[in-house]
Amino acid sequence: GAVVSQHPSRVICKSGTSVKIECRSLDFQATTMFWYRQFPKKSLMLMATSNEGSKATYEQGVEKDKFLINHASLTLSTLTVTSAHPEDSSFYICSATKRGLASTDTQYFGPGTRLTVL
Amino acid sequence: DQQVKQNSPSLSVQEGRISILNCDYTNSMFDYFLWYKKYPAEGPTFLISISSIKDKNEDGRFTVFLNKSAKHLSLHIVPSQPGDSAVYFCAASGTGGTSYGKLTFGQGTILTVHP
């Protein structure tokens with residue numbers, strides 16, 4: 001299988017601060033990483049697509065200045081929630097696809113990060 | 001606009017019986033479909049997928065059926081086991097253009113398998 005990790009698993013911060021979440025593919029190189037957000041009892045909503053070495057592509061309605069994404073290497077992508085507010089509290093999940101497979105790449109998901117903004 | 005819909009929020013099944021989870025989609029550009037299993041506070045785990053060129057894919061106790069004309073797919077689990085209890089998400093993607101690789105998820109169905 002393919003392992004994707006996220007750090008931290010849980011974070012509580014004060015309103016106005018910034019929080020960085022890391023997503024790592026542990027045993028494979030990821031051409032593309034995706035960031036999702038899940039509200040309680042709701043579906044996973046794609047926030048952005050992150051390709052190594054290039055700018056992330058954000059979905060409609062997602063503020064790129066608020067949710068900064070950096071994909072510095074083939075095994076690491078980071079999501080920074082800037083000037084966090086209570087409405088940013090959510091479960092953030094990343095996923096990664098392997099390099100070199102067919103177009104129907106399977107996405108492997110990280111365990112998620114629970115962000116609570118006080 | 002919910003392009004992938006799982007209309008049953010929950011399903012309860014007896015151990016040993018068949019579990020059938022349903023999913024409908026509206027976007028005719030979707031051509032690859034996946035099922036994921038998710039436990040609370042964890043990321044989804046890939047279960048099984050199907051390409052639009054097929055109508056059935058089987059992997060052990062899990063079988064996915066695709067009816068393209070009806071834009072409907074289903075996941076069959078047989079026999080169901082208590083360890084199958086989780087939230088099941090249906091997801092779809094299109095392999096063309098800007099939709100490449102992007103997954104659109106349904107709302108999820110909570111499956112409970114009773115011993």
Side-chain angles (χ1 to χ4, degrees), chain A residues 1-10 21 23-26 30-51 56-62 90-99 101-116, chain B residues 1-10 21 23-25 27 29-54 57 59 64 66 86-110:
Chain A
V3 180
V4 176
S5 71
Q6 273 183 249
H7 178 80
S9 58
R10 205 179 275 263
I21 303 169
C23 176
R24 292 181 186 273
S25 56
L26 298 184
T31 49
T32 305
M33 288 184 171
F34 300 88
W35 286 95
Y36 294 84
R37 180 174 179 178
Q38 185 183 26
F39 293 99
K41 297 183 180 179
K42 296 285 187 184
S43 181
L44 282 76
M45 301 297 294
L46 179 65
M47 297 174 66
T49 303
S50 169
N51 291 295
T57 304
Y58 290 81
E59 294 301 301
Q60 194 172 10
V62 178
S90 193
F91 193 58
Y92 292 87
I93 308 175
C94 73
S95 71
T97 57
K98 289 182 177 178
R99 184 173 197 168
L101 290 182
S103 59
T104 51
D105 286 355
T106 297
Q107 289 186 30
Y108 298 92
F109 285 81
T113 296
R114 170 70 61 193
L115 170 64
T116 303
Chain B
D1 176 28
Q2 191 74 30
Q3 296 186 60
V4 178
K5 296 180 184 179
Q6 292 175 255
N7 292 316
S8 297
S10 64
L21 298 121
C23 178
D24 297 293
Y25 62 97
N27 190 337
M29 298 301 291
F30 288 147
D31 57 7
Y32 190 57
F33 305 90
L34 309 92
W35 284 95
Y36 284 87
K37 177 179 178 179
K38 185 181 181 298
Y39 295 110
E42 292 184 10
T45 303
F46 170 74
L47 272 178
I48 192 168
S49 63
I50 188 166
S51 166
S52 60
I53 61 174
K54 292 187 173 184
N57 190 25
D59 184 2
V64 56
L66 175 63
V87 180
Y88 287 79
F89 286 97
C90 165
S93 73
T95 53
T98 56
S99 63
Y100 170 76
K102 293 184 183 180
L103 290 180
T104 301
F105 282 84
Q107 309 96 308
T109 297
I110 301 171

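Naming convention: chains lettered A, B, ... in sequence-line order (proteins, then strands); numbering from 1 in each chain.
Proximity to chain A is limited to the side chain of Y36(B), based on heavy atoms less than 4.5 angstrom apart. Of the atoms belonging to L44(A), heavy atoms from both backbone and side chain fall under 4.5 Å from chain B. Looking at Q6(A), there are no atoms closer than 4.5 Å to chain B (heavy atoms on both sides), in backbone or side chain.
Q6(B) contributes a side-chain N or O that, together with a main-chain N or O of Y88(B), makes up a donor-acceptor pair within less than 3.5 Å.
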Requested in this report: Report the C-alpha separation of S49(B) and Y32(B) in whole Å, then their side-chain angles, then the decisive distance to 0.1 Å, and conclude whether the side chain to side chain donor-acceptor pair (under 3.5 Å) test is met.
Outcome: CA-CA 7 Å; S49(B) 63; Y32(B) 190 57; 2.9 Å; yes

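A tilted orientation is assigned to the rings of Y36(A) and F109(A), their planes being inclined by 30° to 60°. A perpendicular orientation is assigned to the rings of F30(B) and F33(B), their planes being inclined by more than 60° (bins at 30° and 60°).
Heavy-atom pairs under 4.5 Å with chain B were tallied for S9(A), G112(A), P111(A); the largest tally goes to P111(A).
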